[in-house]
Trainee: 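Supplied in structure tokens, the structure appears directly below.
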Amino acid sequence: MNAKPETVSWHERARSLSFRTQAFIEGRYVDAASGATFDSINPATGKLLARVAAGDTEDINRAVSSARAVFRRGSWANLPPAKRKRLLFRFAELIGKHSDELALLETLDMGKPISDSLKVDVPGAVRCINWYAEAVDKIYDEVAPTGPGALATITREPLGVVGAIVPWNFPLLMAAWKIAPILAAGNSLVLKPSEKSPLTALKVAELAVEAGIPAGVLNVVPGFGQTAGKALALHMDVDCVAFTGSTATGKTIMQYAGQSNLKRVSLECGGKSPNIIMADYPDLEKAATAAAYAIFFNQGEVCSAGSRLLLQEGIKDAVLEKVQAIARTMQPGDPLDPNTHLGAIVDETQMKRVLGYIDAGRADGAHIRFGGRRVREDSGGFFVEPTVFEDVRPSMAIAREEIFGPVLSAITFKTPEEAVEIANDVIYGLASAVWTRDVTTAHRVARAIRAGTVYINCYDADDITVPFGGFKQSGIGRDKSLHALEKYTELKTTWLDLS
Ligand code: NAD
């Protein structure tokens, strides 16, 4: 065995790792009421990792009751903000202390490289919770300018019980983007992680209680979308569902809200984000490097991935050669090897979906410039090469639909106007980028693109201070920044007659 020493060490740690597999309700781990479980598979080996409680309506009902009871008691919602802040700081600190364990769980459960789990996912979750903790005692309410005959205050109150439903691509980070502002605003929460990656959320739940956050404030019920997710979104005593996932499921969640109690819905959905490089951009190597990471990072399983590369005529070969050079350094590898930059696809179903789109691209007449195959099949895991299609027409499925894998569709255009037209000609509007040295072109294009984020001369720049979310069918509402708190609070006007 010539495994690198650090690789061996992560494998060894994996062998002695224990998993939290029960639901976490009212501060305790419990089996599903039915006793049912589902299998959590390691996507790098195809082997069973753990059997996880399959929550359903009864479990959701218990979790919602526990969340409602603690909200009514006010033992979280009515805490002085400075106290809530301290407990959230402590929660973030404990997550930080369990970094290695959480990173390992994330990588085993979801297939992403351990170096990414360690450098991106866990620290991102810690930063997010700390940031909202800091905000808790710095937000003031308002007094309306009604004149001397009245005192009208406009205050923000927590909603009550929030249900959060999250996907599998950044299981811990997407959960943190919900947990932090929801709890900071004083709500109680029932979190339903994806059935494909429930393990980090289940571990984090006990850290909340260890930090001193009252039992029942953060409940986690694992299970399938059609059962646990549906029960949560249809629940008559849930005030809001904060959803991150596909656009198709987002539409269903809105229907559930309408069929039940008209609960608030916020949706962070899919994307097919355009990354536009103008021929005048002086550093094509930099733009191409960013384009490669924009699609290959996290195996392309990123909602804001730059999955459409729009190249102005004349620069296609220069850019794609560099993208290919980066892709060579990102061949799929063992996720537990710290030198791996591209891990396993989350499961067999998703891998087949990605390979299906590769077949569809070929059948539609696009050309594979490189990649296109399943690899490392002997491992039993689900790995797909970084893949680039050229000669893609905007009408093709690979240019219009979210693949959610390491597959880039390169499209050429002549003018900035044509680039904007292509960029906007999909149902999504999550992220986008334009690369140009011309400041006027940059701003014109940025204004014309219908997307929640437009990067200029960069891609995937990130900070918790800026809102993240989509136009069009990429969603409703924003995660991150102070704006996220708007989703989890009600505005109340209190009018005192002084006349
Ligand atoms: P998905 O829609 O299949 O599942 C998301 C979550 O919804 C899971 O927890 C699932 O169990 C649950 N769910 C499924 N059906 C349900 C139902 N009928 N009722 C209630 N819950 C249900 O999405 P996915 O495959 O897990 O994640 C990938 C998608 O997430 C991609 O489209 C990606 O773009 C999107 N995403 C968006 C963002 C963002 O911030 N905009 C971030 C990450 C991922």
Side-chain angles (χ1 to χ4, degrees), residues 38 40 52 54-57 60 109-110 112 121 124 128 163-178 190-198 201 220-235 238 241-257 259-260 263 265-273 295 297-307 345-347 349-351 353-354 401-405 426-431 451-453 460 462 466-481 484 487:
F38 63 91
S40 172
V52 179
D56 205 331
T57 308
I60 290 291
D109 206 11
M110 186 272 166
K112 68 173 67 199
D121 298 70
C128 173
I165 300 176
V166 292
W168 48 262
N169 60 335
F170 292 91
L172 178 61
L173 194 56
M174 292 303 100
W177 284 12
K178 306 292 187 214
V190 178
L191 173 70
K192 202 221 58 82
S194 169
E195 58 275 25
K196 300 186 185 197
S197 58
V220 180
V221 180
F224 292 97
Q226 286 296 336
T227 50
K230 182 175 177 180
L232 187 59
L234 275 172
H235 203 289
V238 168
V241 168
F243 170 79
T244 301
S246 63
T247 294
T249 308
K251 290 180 182 181
T252 308
I253 299 278
M254 286 193 93
Q255 289 177 7
Y256 292 154
Q259 285 162 20
S260 53
K263 58 179 64 65
V265 173
S266 68
L267 304 174
E268 296 283 348
C269 298
K272 190 74 186 175
S273 300
I295 183 64
F297 172 64
N298 211 47
Q299 304 72 244
E301 297 160 328
V302 180
C303 52
S304 55
S307 51
I345 302 291
V346 72
D347 66 3
T349 308
Q350 182 63 17
M351 179 187 69
R353 181 185 153 94
V354 173
E401 295 171 24
E402 187 181 44
I403 299 173
F404 227 54
V426 291
I427 62 166
Y428 300 110
L430 192 54
T453 300
D460 260 348
D462 185 38
V466 292
F468 184 85
F471 283 32
K472 296 154 65 180
Q473 292 187 39
S474 285
I476 299 171
R478 295 291 179 268
D479 277 337
K480 298 168 59 190
S481 82
K487 297 194 296 190

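In listed order, ligands and their atoms are each counted from 1. Start at 1 with the first residue, then count along the sequence.
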Trainee: When you measure from the side chain of S266 to the backbone of I476, do you find a donor-acceptor pair of N or O atoms at a distance under 3.5 Å?
Mentor: no
Trainee: For K112 and N169, run side-chain contact (heavy atoms from CB on, under 4.5 Å): C-alpha distance rounded to whole Å, both residues' side-chain angles, the deciding distance at 0.1 Å, then the answer.
Mentor: CA-CA 9 Å; K112 68 173 67 199; N169 60 335; over 6 Å; no
Trainee: Counting the benzene-type ring for Trp, do F468 and W177 have ring centres under 6.0 Å apart?
Mentor: yes
Trainee: Any idea which heavy atoms bring L234 and Y256 closest together, and the distance?
Mentor: CD2-O, 3.7 Å
Trainee: With F38, which residues qualify under ring pair (Phe, Tyr, Trp, His ring centres under 6.0 Å), at least two apart?
Mentor: F224
Trainee: Do you know which two heavy atoms are closest between I295 and G306, and how far apart they sit?
Mentor: CB-O, 3.8 Å
Trainee: Please output the residues near ligand 1 using a strict heavy-atom distance under 4.0 Å, listed in chain and residue-number order.
Mentor: I165, V166, P167, W168, N169, M174, K192, P193, S194, E195, G225, Q226, G229, K230, F243, T244, G245, S246, T249, I253, Y256, E268, C269, G270, C303, E402, F404, L430, F468
